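The basis for the numbers below is simple: all heavy atoms, side chains too, and nothing from hydrogens, waters or symmetry mates. A note on names: the letters A, B, ... follow the listed sequences, proteins ahead of strands, and every chain is numbered from 1. None of the values given here were measured: they were computed from a predicted structure.
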Protein chains: 2
Amino acid sequence: MGMHTMGQFVQAVEAATNSDDLAAAMVEICEILGFQYFALTHHVDILSASGTAIRLHNYPAQWADYYDEQALGISDPVHRASHKTSLGFPWSRMHDLIALTAGDRRVLALGSEQGIGDGFTVPANIPGETLGSCSFANGADRPLPETMLPLAQWAGLFAFEGARRLWSTRKIDTEEEAPVLTDRQRDCILWAARGKGDWEISRILGLSEETVARHIKQACERYGVNKRTLVAIRALFDGTLTFTDIFKR
Amino acid sequence: MGMHTMGQFVQAVEAATNSDDLAAAMVEICEILGFQYFALTHHVDILSASGTAIRLHNYPAQWADYYDEQALGISDPVHRASHKTSLGFPWSRMHDLIALTAGDRRVLALGSEQGIGDGFTVPANIPGETLGSCSFANGADRPLPETMLPLAQWAGLFAFEGARRLWSTRKIDTEEEAPVLTDRQRDCILWAARGKGDWEISRILGLSEETVARHIKQACERYGVNKRTLVAIRALFDGTLTFTDIFKR
DNA sequence: CGGGATATGCCGGAAAAGGGGTATAGTCAG
DNA sequence: CTGACTATACCCCTTTTCCGGCATATCCCG
């Protein structure tokens, strides 16, 4: 196969002006890659996020309905796994990424009954944005097209970018930007995230307790939140802090 | 070309037991894809993050030294752009992602003088982890191998995953078993992570304020911590909560 | 049945965090 | 040089959180 057909996919996605165009391109690329189904989605409870969240798929209607009713979008093991890596993964390897609960296995078994067997999910993680992914899947009787997975990785991300454009999720043109903390603010939030109180932090950083409180307060203002718990989580989410920062040493 | 050579790359990366093995595999895949240089890196100031951060490249030494001295790892326009997307991008398209400052152009021009012309960068963003990327580049006289970019996307991510394994970025969670929270404890921690106070949570869940405080207190005990900020972060880290849970609308 | 875990309520004091000002000094870009 | 931003420090006051203990009702499991 080749780059030729991929070129057509690129053109189709870039030319898409609505979700139907994008869906058509996805159906074609599925054909080429050797998949029956695709699902391009933000990881949210779609019923409560109607409209604003990316959501495009050609799964069997019955499965999609059940999925929405149960609000699986927020607990789906496939989605959880996609938060642990940036590389696409076959569903059969999910247990390398997350611990599967009994409920997870039930969901997977149920999907299998509904005609969704093995699949390949491409994470689409962007710091500070709603997490998303593009999944490709086949019926239980049809194996994954192993050799196509590298191209599926690319096609999935390219399609997700196309969806972001269509849903106007990209923030470059808008004025709102991810808050940037000063070094001191970040230091203080880091120690707060480690569970230290203001007084402890002041000893660690050699500041007065008041100054620590001030830095944390101002960090909260930048994120537009009013609790240090939330500022720490937001900083974690957009990459200002990382788990390794917090737990190391 | 094909999947055959990609298969060898997969084997080489998976078999790698140290960074030299990985570097050798990268050199080979660069050859195949049509690039001279690669850079697999966490986006940090490498001089102050010695040892723990992923960092592997075959850039000209002179450029790398300059880069480190100036601590470009944290302000590099290529890195900033890679925080805005999950899809690999040619450097010539960077301005679609971020606004390039005068300083950015200076860095790019300087790189060009040092033998780094156009390149292709694959973002590797994972929530809660240090942001990273894998870049492929050529000298100024050599154009990007356009048709290879989809495979470069995959190879870059695969290599980054290999690097994460070698640098043991994912190992922290195997130390101790994650405490299990009761449903109510989890509910309360979830709302606390969303920045709600006990009184608000009590209204949301239909409990008394005291009971909410009690659940949170007991959740803290299970994690062996003494602050709600830390319990929320620990729960996020071990998957008891997810960013999607917290930010879902 | 009895023990353990869970969920719920309440009290009170000590400590911490949130929200409002004010002020000085340094840095850096325009 | 000026103005914006940063880092530092202090004050006051209110609200929230933390910590101890106490008490009841449910449910499941052996």
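Put simply, A/R214 has no side-chain N or O that comes within less than 4.0 Å of OP1 or OP2 on D/dA9. At D/dA7, one or more side-chain N or O atoms of A/T182 fall inside 4.0 Å of OP1 or OP2 (strictly under the cut-off). Phosphate proximity of C/dC10 to B/T211: absent, as no side-chain N or O sits under 4.0 Å from OP1 or OP2. Within the structure, a side-chain polar atom (N or O) of B/S208 is placed less than 4.0 Å from OP1 or OP2 of C/dG9.
A cation-pi arrangement is present between B/R203 and B/W199, with the terminal nitrogen or guanidinium carbon under 6.0 Å from the aromatic centre and inside a 45° cone about the axis.
When the P atom of C/dT6 is taken as reference, atom CD of B/Q185 falls 7 Å away, rounded to whole Å. C/dG9 atom C1' lies 14 Å from atom CZ of B/R184, rounded to whole Å. Protein atom CZ of B/R228 is 6 Å distant from nucleotide atom C1' of D/dT17, rounded to whole Å. At whole-Å resolution of the value, CD in B/E209 and P in C/dG12 are 15 Å apart. In this structure, B/Q218 atom CD and C/dG9 atom P are separated by 13 Å, rounded to whole Å. One can place CD1 of B/I216 at 18 Å from P of C/dA16, the figure rounded to the nearest angstrom. For the pair B/E210 CD and D/dG20 C1', the interatomic distance rounds to 13 Å; values are reported in whole Å. Rounded to whole Å, the distance from CD on B/E200 to P on D/dT15 is 14 Å.
Nearest-nucleotide assignment on DNA chain C puts the 5′-proximal partner with B/L207, out of A/V225 and B/L207. Checking B/L205 against A/D198, the closest nucleotide of DNA chain C that is more toward the 5' end is the one next to B/L205.
For B/F89 and B/H95, the distance between ring centers is not under 6.0 angstrom. Taking the six-membered ring for Trp and the full ring otherwise, B/F247 and A/F237 have centroids separated by under 6.0 Å.
Aromatic ring orientation, A/F160 versus A/H42: perpendicular (interplanar angle above 60°, classes split at 30° and 60°).
Among the heavy atoms of the strands lying under 4.0 Å from A/R222 are primed sugar atoms or P, OP1, OP2 only; no base atom is included.
Distances were taken from every side-chain heavy atom of A/H215 (C-beta onward) to each of C/dG9, D/dG20, D/dT8; the shortest belongs to D/dT8.
A side-chain donor from one of B/D238 and B/Y223 sits under 3.5 Å from a side-chain acceptor of the other.
One donor-acceptor pair, N or O on each side, does fall under 3.5 Å between the base of C/dG19 and the side chain of A/K217.
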